[in-house]
Undergrad: 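Once you've had a glance at the structure underneath, I'll fire off some questions.
The basis for the numbers below is simple: all heavy atoms, side chains too, and nothing from hydrogens, waters or symmetry mates. Numbers restart at 1 for each chain; the letters A, B, ... are given by sequence-line order, proteins then strands.
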There are 2 protein chains.
Amino acid sequence: MPVRVLLVDDEPLVRAGLRAVLEAQPDIEVAGEAADGAAVIPLVRQLRPDVVAMDVRMPLLDGIEATRALLRTVADPPRILVVTTFENDEYVYEALRAGADGFLLKRARPAEIVHAVRLIAEGESLLFPASVRQLAAAYGDGGGNRAARAVLERARLTEREGEVLRLMARGLSNAEIATRLVVGTETVKSHVSAVLAKLGARDRTQAVIAAYESGFVAPG
Amino acid sequence: MPVRVLLVDDEPLVRAGLRAVLEAQPDIEVAGEAADGAAVIPLVRQLRPDVVAMDVRMPLLDGIEATRALLRTVADPPRILVVTTFENDEYVYEALRAGADGFLLKRARPAEIVHAVRLIAEGESLLFPASVRQLAAAYGDGGGNRAARAVLERARLTEREGEVLRLMARGLSNAEIATRLVVGTETVKSHVSAVLAKLGARDRTQAVIAAYESGFVAPG
DNA sequence: ACGCGCCTCCCCCGGCCGGGGGAGGCGCTC
DNA sequence: GAGCGCCTCCCCCGGCCGGGGGAGGCGCGT
């Protein structure tokens with residue numbers, strides 16, 4: 001049985017592009033389309049798609065609100081893949097916090113888009129797609145600080161949050177980080193929470209994975 | 001103030017080697033030596049070293065028991081760096097579980113040894129030293145399965161445990177792993193515990209770090 | 001037939017974690 | 001001086017996590 005996808009985007013061009021890319025796959029099927037968030041819920045009830053590919057910025061009801069509404073009101077809701085134009089879109093993080101399962105850049109290559117839909121359908125989270133690493137690689141002057149700084153800026157991490165993430169990626173607990181930075185554990189918790197939110201990570205393990213995958217920290 | 005180190009090894013040659021390497025550093029000082037685990041506790045009380053570099057296999061009282069005894073009986077105990085000959089030494093994992101802060105191979109390069117002592121003294125854990133990655137690199141036929149398998153064998157992870165570690169490294173929770181593998185969460189917890197023990201990791205975050213650092217999983 | 005390793009599942013429990021919500025101080029800019 | 005971002009700290013709380021200890025089944029090799 002194929003993966004059934006509902007496309008939600010206010011631009012017909014984008015919908016057509018996604019449809020063309022996805023329907024070229026034998027195991028993926030476009031179940032329907034919607035032009036704004038308000039139309040999503042009834043359509044989901046009617047079509048029962050496996051995955052909703054949803055734009056963030058839309059009229060009437062944006063992707064964040066639509067995600068929240070979906071998860072709140074629909075029983076056994078579909079998986080939600082958030083689609084965005086800008087990799088720096090703060091709305092994306094909000095959407096992920098609202099319960100979306102992954103995000104995808106519109107300028108991603110077709111193979112990446114297909115891959116993303118399959119992964120999401122399988123129940124994977126897709127918080128750190130290839131595009132993030134590409135950003136780091138674009139600064140690839142032998143690795144080093146520039147890539148890390150770029151990722152840091154990309155996620156809008158503050159300096160302190162970057163420090164905390166680095167220590168998380170060394171395996172330290174909140175208490176140990178607090179000792180190291182000579183602050184209270186509550187302070188560390190605040191920073192950790194901010195890092196999790198900005199990276200779209202659910203817990204510190206996912207944050208550390210993001211740190212490695214983005215090149216913010218490197219093995220070796 | 002320099003880092004003060006107590007050397008514990010039954011072989012005088014090893015002690016001499018460690019002493020030579022460490023005393024070449026201006027910020028490291030060898031506070032004393034012991035030839036077996038039984039002599040450690042009184043010496044620690046007397047000398048109050050910052051770090052104990054302790055062999056695992058020793059007569060009278062081995063490194064594991066000596067570590068346990070130290071942490072149980074001495075107030076404000078020193079940090080413990082376990083020294084071993086074989087990277088496959090199961091005793092090492094026992095020592096780490098007993099509370100040691102890191103391990104080091106005797107055949108490590110001097111710079112690595114010095115580095116290890118400094119890190120331990122700073123309060124870092126050192127569970128996955130460079131030697132582990134070197135093992136992976138030794139199989140460096142473009143990365144891939146052989147290195148991962150080598151690390152897996154090195155840590156004596158079973159196939160199932162390797163699977164679980166891979167899923168942990170993708171950010172899945174125990175419940176999610178259970179769903180994926182179609183087993184109960186208790187089963188997953190058992191595997192996770194085994195992985196943590198074998199890697200000498202304290203929590204899943206450290207296990208994931210180990211997975212990246214060893215090349216068991218790779219970014220990208 | 002027995003031991004052994006592995007996979008599976010169970011109970012109890014303490015603790016760290018992460019969410020929510022709030023608040024004060026500091027330096028900067030407008 | 002008012003706003004704003006950042007860092008700092010606080011409380012409450014539910015939940016996942018990890019430790020300890022145990023147990024049964026299965027295949028394998030001796």
Undergrad: May I ask you to verify if any side-chain N or O of Arg204(B) is less than 4.0 angstrom from the OP1 or OP2 atom of dG18(D)?
TA: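 For Arg204(B), the contact criterion (side-chain N or O under 4.0 Å from OP1 or OP2 of dG18(D)) is met.
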
Undergrad: Given dG18(D), dC11(C), dC7(C), identify the nucleotide with an atom nearest to the side chain of Glu186(B).
TA: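 Closest of the options to the side chain of Glu186(B): dC11(C).
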
Undergrad: Determine, step by step, whether Leu167(A) and Leu181(A) satisfy the side chain to side chain contact (heavy atoms under 4.5 Å, CB included) criterion, reporting the C-alpha distance in whole Å, the side-chain angles of both residues, the deciding distance to 0.1 Å, and the verdict.
TA: CA-CA 10 Å; Leu167(A) 294 175; Leu181(A) 298 181; 4.0 Å; yes

Undergrad: Are OP1 or OP2 of dT8(D) and a side-chain N or O of Arg160(A) less than 4.0 angstrom apart?
TA: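 Yes, such a contact exists.
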
Undergrad: In whole Å, what is the span from the CG atom of Leu157(B) to the C1' atom of dC6(C)?
TA: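 One finds 13 Å between C1' of dC6(C) and CG of Leu157(B), rounded.
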
Undergrad: Whether Thr187(A) contacts dC9(D) is assessed here as follows: a side-chain N or O lying under 4.0 Å from the phosphate OP1 or OP2. Is that the case?
TA: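 Looking at the OP1 and OP2 atoms of dC9(D), one of them is under 4.0 Å from a side-chain N or O of Thr187(A).
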
Undergrad: Give a yes/no on whether any side-chain N or O of Ser173(A) is located under 4.0 angstrom from OP1 or OP2 of dC16(C).
TA: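 No, Ser173(A) has no side-chain N/O under 4.0 Å of OP1/OP2 on dC16(C).
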
Undergrad: Which of these nucleotides, dC17(C), dT8(C), dG18(D), is closest to any side-chain atom of Lys189(B)?
TA: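 Of dC17(C), dT8(C), dG18(D), dG18(D) is nearest to the side chain of Lys189(B).
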
Undergrad: If we fit an axis to the first five pairs and another to the last five of the helix from dA1(C)-dT30(D) to dC30(C)-dG1(D), what angle do they make, to the nearest 10°?
TA: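 Computed angle between terminal axes is 40°.
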
Undergrad: Out of curiosity, Asp203(B) CG to Leu196(B) CG, how far, rounded to the nearest 0.5 Å?
TA: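 One finds 7.5 Å between CG of Asp203(B) and CG of Leu196(B).
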
Undergrad: If you check every side-chain atom of Glu161(B), which of dC7(C), dC17(D), dG18(C) has the closest atom?
TA: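 Output: dC7(C).
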
Undergrad: Could you check whether the side chain of Thr158(A) and the base of dC7(D) have a donor-acceptor pair of N or O atoms closer than 3.5 Å, going by distance alone?
TA: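 Check fails, no donor-acceptor contact within cut-off.
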
Undergrad: Please lay out, stage by stage, how Arg48(A) and Val74(A) fare under the test side chain to side chain contact (heavy atoms under 4.5 Å, CB included).
TA: CA-CA 10 Å; Arg48(A) 308 296 307 168; Val74(A) 176; 3.8 Å; yes

Undergrad: Between Ser190(B) and Thr205(B), which residue's closest nucleotide on DNA chain D lies nearer the 5′ terminus?
TA: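 The residue whose closest nucleotide sits nearer the 5' end is Thr205(B).
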
Undergrad: Are Arg166(B) and Glu163(B) ion-paired here, with the side-chain N under 4.0 Å from a carboxylate O?
TA: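 Answer for the salt bridge query: no.
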
Undergrad: Taking only the side-chain heavy atoms of Asp203(A) (C-beta and beyond), determine which of dG18(C), dC17(D), dC9(C) contains the nearest atom.
TA: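 Of all the options, the side chain of Asp203(A) is nearest to dG18(C).
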
Undergrad: Should His191(A) be listed as having a side-chain N or O under 4.0 Å from OP1 or OP2 of dC6(D)?
TA: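 For dC6(D), OP1/OP2 do not have a side-chain N/O of His191(A) under 4.0 Å.
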
Undergrad: Looking at the side chain of Leu196(B), which of dC12(D), dG19(D), dC17(D) is the nearest nucleotide?
TA: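 Within the option list, the nearest is dG19(D).
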
Undergrad: dG18(C), dC9(C), dG18(D): which one has an atom nearest the side-chain heavy atoms of Ser193(A)?
TA: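 The listed nucleotide nearest to Ser193(A)'s side chain is dG18(C).
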
Undergrad: Where the side chain of Asn174(B) is concerned, which of dT8(D), dG19(D), dC17(D) is the nearest nucleotide?
TA: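 For Asn174(B), the side-chain atoms sit closest to dC17(D).
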
Undergrad: Take the protein atom CD of Glu163(B) and the nucleotide atom C1' of dT8(C), then report the distance between them rounded to whole Å.
TA: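 Checked: the CD to C1' distance equals 14 Å.
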
Undergrad: Roughly, in whole Å, what's the span from CD1 in Ile177(B) to P in dT8(C)?
TA: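 After rounding, the gap between these two atoms is 13 Å.
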
Undergrad: In terms of side-chain heavy atoms of Glu159(B), which of dT8(C), dC9(D), dC7(C) is nearest?
TA: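 So the side chain of Glu159(B) is nearest to dC7(C).
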
Undergrad: Both Ala175(A) and Leu181(B) contact DNA chain C. Which one's nearest nucleotide lies toward the 5' end?
TA: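 Result of the comparison: Leu181(B).
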
Undergrad: Nearest 0.5 angstrom please: Ile209(A) CD1 to Ile209(B) CD1, how far?
TA: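 Ile209(A) atom CD1 to Ile209(B) atom CD1 measures 10.5 Å (nearest 0.5 Å).
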
Undergrad: Give, for atom OG1 of Thr185(A) and atom CD1 of Ile177(A), the distance between the pair rounded to the nearest 0.5 Å.
TA: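 Answer rounded to 0.5 Å: 11.0 Å.
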
Undergrad: If I take atom CG from residue Leu165(A) and atom CZ from residue Arg204(A), how far apart are they, to the nearest 0.5 angstrom?
TA: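 Answer rounded to 0.5 Å: 10.0 Å.
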
Undergrad: Show the numbers, then the answer: is there a side chain to side chain contact (heavy atoms under 4.5 Å, CB included) between Glu161(A) and Val164(A)?
TA: CA-CA 5 Å; Glu161(A) 289 161 0; Val164(A) 169; 5.5 Å; no

